[in-house]
Each structure stands twice: as structure tokens, then as C-alpha cells.
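Here the structure is laid out as C-alpha cells; the discussion comes afterwards.
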Amino acid sequence: MLKNKDRIIFHIDVNSAYLSWEAVYRLQQGETIDLREIPAVVGGDPKSRHGIVLAKSIPAKQYKIQTGETIYSALQKCKDLTIVKPTYDLYIKCSSAMMEVLKSYSPSIQRFSVDECFLDYTHMKEHFGEPEEAAHRIKEQIKNELGFTVNIGISSNKLLAKMASDLIKPDRVITLFPEEIPEKMWPLPVEELFMVGRATTPKLHKLGIYTIGNLANYDVEHIRYRLKSYGLMIWQYANGIEDSMVRAGSHMDMKGIGNSTTISFDVMDKETAHMILLSLVETVAMRLRDALCCCRLVAVSIKNSSFKSYSHQKKLFSPIDTTNELYPIVWDLFDEAWQGEPIRNLGVRVSELCSNEFYQKSLFDHEKKERYRALDTAIDALRLRYGSKSIIRAGFLHSGIKPLTGGVGADDYPMMGSIL
DNA sequence: TCTGGGGTCCTAGGACCC
DNA sequence: TCTGGGGTCCTAGGACCC
């Protein structure tokens, strides 16, 4: 029986992913300046109210520019900051190219996000040698073949491998085995521990916990009493305790599908809101069918111009997957929830997914439903063949609203969430 | 021309049933 | 007249991740 402590897990993390990928692409296009070597960020357009920093170069980091802050504020910190728009299609391609390289080193890979994954190296030693040696080979191969650098963290579980890859950047292989925890992980500020975020940090500070080591050595019952199961989890993380498997997941274990959008102006009327919701539904429903799923729960979220968010959801009697069934539900949910204030952001999310192949037909299903499904299938096929803009609803023609909104590209991948 | 968009999981409270 | 308690489902909101 293999003990957990004998596992070898790699965490591969692309350094400044979006920015690196933009830099590589631009160099390939004949650009002479490497974005990674100047103060630069990838960020949206403030005009359309998308103005936040998505990724920064290391020189930009020297100006204390942080991911998530506004472009406006970043410019205050660095007057001649270079700002480039995100191109998500490129990122999906770069991510997939990296996955192809990693697949040749282990069959057991868990994609954690577009720029991070876990690789189980446990049984690969006889093929590729000692873990550190292999990690260096992987890192160099990605650099040489794809042009960007990665960090690789090595340990006996996913949590420690992930913490390891964060220790020193960029272009590094770093180990963090259990015996190295006191020296390498405990001195770090507690907010650098995975799952300790903005809300938990001040609560821990109030308890006199400032470092990961403070948390690790705190009375576990007391922390559990104060922070419930969450407290127990982060206490275990601080002690390097975590034993989840590397799940070579597919989109089959996706829990939900959602799209949301920040509108470039404040929406003041129901009709416009309905149009935007319909364009979100088109994308959500298409992704749902693409995953061969139906959903049983539909939710609408609203963020108003004062940044207050609220949501409204409905559990369905029978699972659905067609645009024509989904949008009336979404419109109703919106009408019930909207408090009449100016709207900044709208979202649609479906969950409680099940297979669409053998879904239980309810007694109240009617033949119309079958026609809807046939229509959607035909539209999906046209969009696949001639592009997403080849067929749009007439209502969008003169609306000034995009007929399809959102999506993460053809290559949906499962995200991991709070539990490793 | 300040504040994105994609996820997962947990909790609390109320309804409802026995 | 007094006011059980357990279980499950549903909903809204908030925490965290990238």
C-alpha cells in the first residue's frame, strides 16, 4: 500500500501567464520589445468599464502594481506603463500547448485553471528519473519549445506542491517536502496560505495569528470553534496536511456553467436587460448542450451601479437544455429580483447538471420541447460550421447588443474550487 | 475614463414533513 | 395550553480560488 507521504506531486504554474503569453506572441509577430522586460500589464478598457489589471510584468511589480487593481490606479503608480488588451483565445491555445508537453511526462494531470495544473509523478521515476531532475527537464522543454517560463513546485501532496511553486519566482523548480515546512513555509505571512483571503486574514490577526507558523501551532480546537470547518481546513493546510488525489478530470465533472458581463453603460430599463440576458443565455445554453448536459437550477445575478450584488434562482421541475426553455425562466427571475436601480452587471448561471441523453421526461413535457431541441441542435451546428455570428436572433439586429456574450472558448476545462 | 469574469464550496434560515 | 425535535429541501449570500 502506497502511503500518502510517498506520493510525488508537481504543481506547474505559468509565470505572469497572460502577460508572458502576450509577450511571446508579440515577439513572434516581429515586435522587438519584450513585454516581460518593461513595466507592462494586461488589462481591460476603462471606457467599457473593464479597466482592471489582469496580469503584470515583473518590472511593473516593482512599482507595487497589483493584479485586480484599476488601470487608473496602476497608471498613477507608473506613468509610462504599457497596457495591452487581453486575447483569451491565445491564452487557451498556449495553455493547451503546455498541457501537450506535460502529458508526455505523466498520464495523471489535473488542470486547475488556464495557467496551473497538478501532475502526479509518483510512478514516473523509472521513466524520467529523480523528481527534481524531471521537473527541470519539463521547465526547460516548455521554455525552449513554447517560449515562456514556469515554476514547478514539488512535494508529497497538492497543497504543498502549490505552496512550493509560489515561493520564489520566476523560472524555478522548488521543493517543499513535509520536513521543510517549518523552514520554508511557516515564516510566511498567514495570508499567503492557500484559502486564507481578504475576509479571513483580519480574523486571524485578531487571534494573534500573523504567520503560517502561528496558525500551524495554534490550538486546533480553538480555531475550529472560531472558524468552524473552515478553521480546521486552514489549520491542516498550515501543517501541510492535505491528501486529495490528482483528478484527471474532464468537463464531465463540471458543476455549473455561467456567463456574466459588465455593461459599458448603466442599464435602466427591463427591455435592454432582457436583451443582454438573452445574449448570455445563448452562450450558456450552447455550452450546456456542448457538454451534453441539462440543468435543474437556473440563477440570475444583478450588480447595481453601487456595486451591490444580489441573485435569484429557481429549481426546475424537469431538466432542460434549450435556449427557448431557458430564457423565459431567466427573464422571470430577473423581473422578480430587480429592484429598479441602474444595472452595471448581469449574469446567468445554470447548475445541478445531468446528462442530456437519457434525461427523465416529465409528464408535462410536450412536443414543443422536442422542436426546441431540434432547432437548437441545428443552430449549434451552423455556428460550429460558419462561426458564432452566422446566425443571430432578429431582436439583436438593431439593438447594439452583442448577440452572444461570454464563454471561455471551445476548450471548456473544469475548475477546481476551494477543495483541492 | 476607478472597481472583470470564470468557477466551487459552505452556511444560515425558513418551509415542510413526520 | 404549550410550544418537541429531527431530517431534508430550497434559497440567498458570502467566502475562496485563478
Side-chain angles (χ1 to χ4, degrees), chain A residues 11 13-14 16-18 42-55 66-76 83 85-86 88 91-92 95 111-117 158-159 162 165-166 191 193-203 227-234 237 249 251 253-265 280 283-284 287 296-317 333 336-337 344-353 405-409 411-420:
Chain A
H11 178 252
D13 189 339
V14 180
S16 321
Y18 288 5
V42 176
D45 185 0
K47 266 185 220 159
S48 57
R49 312 205 288 190
H50 289 62
I52 67 155
V53 173
L54 298 163
Q66 287 170 353
T67 302
E69 80 175 298
T70 60
I71 294 291
Y72 176 85
S73 140
L75 277 168
Q76 308 258 301
I83 302 162
K85 301 257 166 64
Y88 295 101
Y91 310 153
I92 304 270
S95 176
R111 207 165 182 173
F112 184 64
S113 75
V114 74
D115 67 331
E116 278 181 43
C117 50
K158 293 192 321 195
L159 182 272
K162 182 164 170 52
S165 68
D166 241 12
E191 59 269 31
L193 182 64
F194 181 67
M195 292 307 292
V196 175
R198 226 184 29 220
T200 310
T201 302
K203 292 181 194 169
L227 299 171
K228 310 287 172 66
S229 63
Y230 211 84
L232 178 60
M233 184 184 71
I234 60 174
Y237 285 180
H251 66 282
D253 38 53
M254 195 118 66
K255 297 286 196 291
I257 295 170
N259 284 151
S260 63
T261 189
T262 293
I263 306 116
S264 57
F265 54 93
L280 290 162
T283 318
V284 167
R287 289 170 63 200
R296 281 204 65 194
L297 189 68
V298 183
V300 167
S301 63
I302 299 167
K303 176 148 67 179
N304 66 27
S305 53
S306 12
F307 275 80
K308 183 183 149 52
S309 295
Y310 51 98
S311 64
H312 193 36
Q313 67 183 46
K314 186 178 183 179
K315 179 121 188 186
L316 306 179
F317 195 70
L333 283 168
E336 285 166 20
R344 180 187 177 87
N345 176 291
L346 285 168
V348 173
R349 159 160 284 275
V350 297
S351 52
E352 294 195 14
L353 307 184
T405 300
V408 292
D411 241 342
D412 273 10
Y413 51 83
M415 302 289 277
M416 167 184 105
S418 57
I419 305 299
L420 294 170

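Note on naming: letters A, B, ... go to the chains in the order of the sequence lines (proteins, then strands), and numbering restarts at 1 for each one. Just so we're clear, the structure is a prediction, and the values are computed from it rather than from any experiment. All values below come from the heavy atoms of this structure, side chains included, with hydrogens, waters and symmetry mates left out.
Within 4.0 Å (heavy atoms only), A:Gly43 reaches no atom of the nucleic acid at all. Within the nucleic acid shown, A:Ser73 has no heavy atom closer than 4.0 Å to any nucleic acid atom. Using a 4.0 Å heavy-atom criterion, one finds that A:Ser229 contacts the sugar-phosphate atoms exclusively. No contact: A:Asp45 has no heavy atom under 4.0 Å from any strand. At the heavy-atom level, A:Leu54 lies under 4.0 Å from base atoms of the strands shown.
For A:Thr70, the side chain to side chain contact (heavy atoms under 4.5 Å, CB included) partners two or more places apart in sequence, or in a different chain, are A:Tyr72, A:Ser73. Among residues two or more places apart in sequence or in another chain, the side-chain hydrogen bond (donor to acceptor under 3.5 Å, both in side chains) test is passed with A:Ser229 by none. In this view, A:Ser16 satisfies the side-chain hydrogen bond (donor to acceptor under 3.5 Å, both in side chains) rule with no residue, not counting sequence neighbours. For A:Arg49, the salt bridge (charged side-chain N to carboxylate O under 4.0 Å, His left out) criterion is met by A:Asp266, not counting sequence neighbours. Qualifying side chain to side chain contact (heavy atoms under 4.5 Å, CB included) partners for A:Pro86, counting only residues two or more places apart in sequence or in other chains: A:Val42, A:Leu54, A:Tyr88, A:Tyr91. Remark: A:Asp166 engages A:Lys169 in a salt bridge (charged side-chain N to carboxylate O under 4.0 Å, His left out) (not counting sequence neighbours). In this structure A:Lys315 satisfies the salt bridge (charged side-chain N to carboxylate O under 4.0 Å, His left out) test together with A:Glu352, sequence neighbours excluded.
Atoms CD (A:Glu116) and P (B:dG7) sit 17 Å apart, rounded to a whole Å. The CD atom of A:Gln66 sits 17 Å away from the C1' atom of B:dG4 (whole-angstrom rounding). One atom, NZ of A:Lys47, and another, P of B:dG4, lie 17 Å apart when rounded to the nearest Å. Distance A:Leu297 CG to B:dT8 C1': 14 Å, rounded to the nearest Å. With rounding to whole Å, A:Arg49 atom CZ is found 15 Å from B:dG5 atom C1'. When rounded to the nearest whole Å, the span between CD1 of A:Ile302 and C1' of C:dT11 equals 15 Å. Atom OH of A:Tyr88 and atom P of C:dC18 are 16 Å apart (whole Å).
B:dT3 and C:dC18 have their P atoms separated by 23 Å, given to the nearest Å. Here, C:dC16 and B:dC2 have their P atoms 28 Å apart, quoted to the whole Å.
Take the nearest nucleotide of DNA chain C for A:Arg296 and for A:Arg198: the residue whose nucleotide is more 5' is A:Arg296. Position along DNA chain B of the nearest nucleotide to A:Arg344 versus A:Arg349 favours A:Arg344 as the more 5'-ward residue. When each of A:Glu191 and A:Tyr310 is assigned the nucleotide of DNA chain C with its nearest heavy atom, A:Tyr310 is the one assigned upstream, toward the 5' end.
For A:Ser260, the listed nucleotide lying nearest its side chain is B:dG5; candidates were C:dC18, B:dG5, B:dT8. Among the nucleotides B:dC2, C:dC17, B:dG5, the one closest to the side chain of A:His50 is B:dG5. Considering only the side chain of A:Lys303, B:dG4 comes nearest among B:dG5, B:dG4, B:dC10. The nucleotide whose nearest atom lies closest to any side-chain atom of A:Lys255 is, among B:dG4, B:dC9, B:dT1, B:dC9. In this structure, the nucleotide among C:dC18, B:dG5, B:dT8 sitting nearest to the side chain of A:Asn345 is B:dG5.
For the residue pair A:Arg111 and A:Ser95, a side-chain donor N or O sits within less than 3.5 Å of a side-chain acceptor on the partner.
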Detail all sub-3.5 Å separations between protein N/O atoms and N/O atoms belonging to nucleotides 12-16 of chain B.
| unit_1 | atom_1 | unit_2 | atom_2 | d |
| --- | --- | --- | --- | --- |
| B:dA12 | OP1 | A:Lys228 | NZ | 3.1 |

Once Watson-Crick and G-U wobble pairs under 3.5 Å are found, how is DNA chain B written in dot-bracket notation, 5' to 3', with | for any base paired to another strand? ....||||||||||||||
